[in-house]
Amino acid sequence: NAGVTQTPKFQVLKTGQSMTLQCAQDMNHNSMYWYRQDPGMGLRLIYYSASEGTTDKGEVPNGYNVSRLNKREFSLRLESAAPSQTSVYFCASSGTSGSIGEQFFGPGTRLTVL
Amino acid sequence: GENVEQHPSTLSVQEGDSAVIKCTYSDSASNYFPWYKQELGKGPQLIIDIRSNVGEKKDQRIAVTLNKTAKHFSLHITETQPEDSAVYFCAAISANYGGSQGNLIFGKGTKLSVKP
């Protein structure tokens, strides 16, 4: 099993450009998450999907959109990138239903917006 | 909403010594407290977790204690080794996001360095 995979690993954008970060999991998990990690800030939840077909905002959703394409895949889109979105982005998945449990993280995407 | 404070932000210990990282949380309804380890260039990985119906949990050299009255929980690593060097994050559930299930709010992390 590959676990949680993310593409790309690195990306440099100019202000105003758009891009989509891809995430896939092969653990048949129901829930998927997108976090951003900034120095000294820990991990902050952007969006999550509790199950296929549903998505909800997390702590810092502004400037992002998400799509739960199917049970395996959850993408994060930046429509008009800003320097404040320079960060490391992590996708995670969790299989627990009914109560929160272990989240499995991908290796991250390092995004720089110039 | 939930707020998680983590201390210290950096911790340096000698190999073989113990390391303790402490977290406090604000929401008395939180009932799940995981600890994640993040090695350089990788995603976080769960190392231990505790639910509010127990006060302590151990797994080899790692233990977590929970004091629900004081709303704090701690990670204890004994007999530290150089491979324990990493950033450690605590987390607690927030009911702000995630409906009835809630979602995790993370502390800001502790960079642990174990000197050989």
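Letters A, B, ... mirror the listed sequences (proteins, then strands); counts begin at 1.
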Could you list which of residues 106-114 of chain A have a heavy atom closer than 4.5 Å to any heavy atom of chain B, in residue-number order?
Gly106(A), Pro107(A), Arg110(A)
More than 12 heavy atoms from other groups under 6.0 Å of CD on Gln60(B):
no
Close contacts, residues 30-45 of chain B versus chain A, judged by heavy atoms under 4.5 Å:
Tyr32(B), Tyr36(B), Gln38(B), Gly41(B), Lys42(B), Gly43(B), Pro44(B)
Using a 3.5 Å distance criterion without hydrogens, assess whether the side chain of Gln25(A) forms a donor-acceptor pair with backbone atoms of Asn28(A).
yes
Within residues 71-82 of chain A, which residues come under 4.5 Å of chain B, heavy atom to heavy atom?
none
Backbone N/O of Thr54(A) and side chain of Ser49(A): donor-acceptor pair under 3.5 Å:
yes
Do the side chain of Asn30(A) and the main chain of Ser51(A) share a donor and acceptor less than 3.5 angstrom apart?
no
When you measure from the side chain of Thr110(B) to the backbone N and O of Thr10(B), does any donor-acceptor pair fall under 3.5 Å?
no
Gln6(A) side chain vs Cys91(A) backbone, donor-acceptor pair below 3.5 Å:
yes
Hydrophobic cluster mates of Met41(A), side-chain heavy atoms under 4.5 angstrom, ILVMFWY only, any path?
none
Assess the side chains of Ser26(B) and Glu2(B): does a donor N or O sit below 3.5 Å from an acceptor N or O?
yes
Under 4.5 Å heavy-atom distance to chain B, tell me which part of Gln37(A) shows up: side chain, backbone, both or neither.
side chain
If you count heavy-atom pairs under 4.5 Å with chain B, which of Ala92(A), Gly42(A), Ala50(A) comes out on top?
Gly42(A)
Heavy-atom check, side chain of Ser9(B) versus side chain of Lys108(B), under 4.5 Å
no
Could you walk me through whether Phe90(A) and Tyr33(A) satisfy the ring-ring contact (aromatic ring centres under 6.0 Å, His included) test, starting with their C-alpha distance in whole Å, then the side-chain angles of each, then the deciding distance to 0.1 Å, before giving a yes or no?
CA-CA 8 Å; Phe90(A) 288 99; Tyr33(A) 312 82; over 10 Å; no
Charged N-O contact under 4.0 Å between Arg36(A) and Asp38(A)
yes
Report which part of Phe104(A) has an atom under 4.5 Å of a heavy atom belonging to chain B: side chain, backbone, both, or neither.
neither
Less than 3.5 Å apart, any donor N or O on the side chain of Gln103(A) or Tyr48(A) sitting next to an acceptor on the other?
no
Looking only at atom types and distance, does a side-chain atom of Gln85(A) sit under 3.5 Å from a main-chain N or O of Gly63(A), one as donor and one as acceptor?
yes
Quick check against the 3.5 Å criterion: does Ser94(A) have a side-chain atom that pairs as donor or acceptor with the backbone of Glu102(A)?
yes
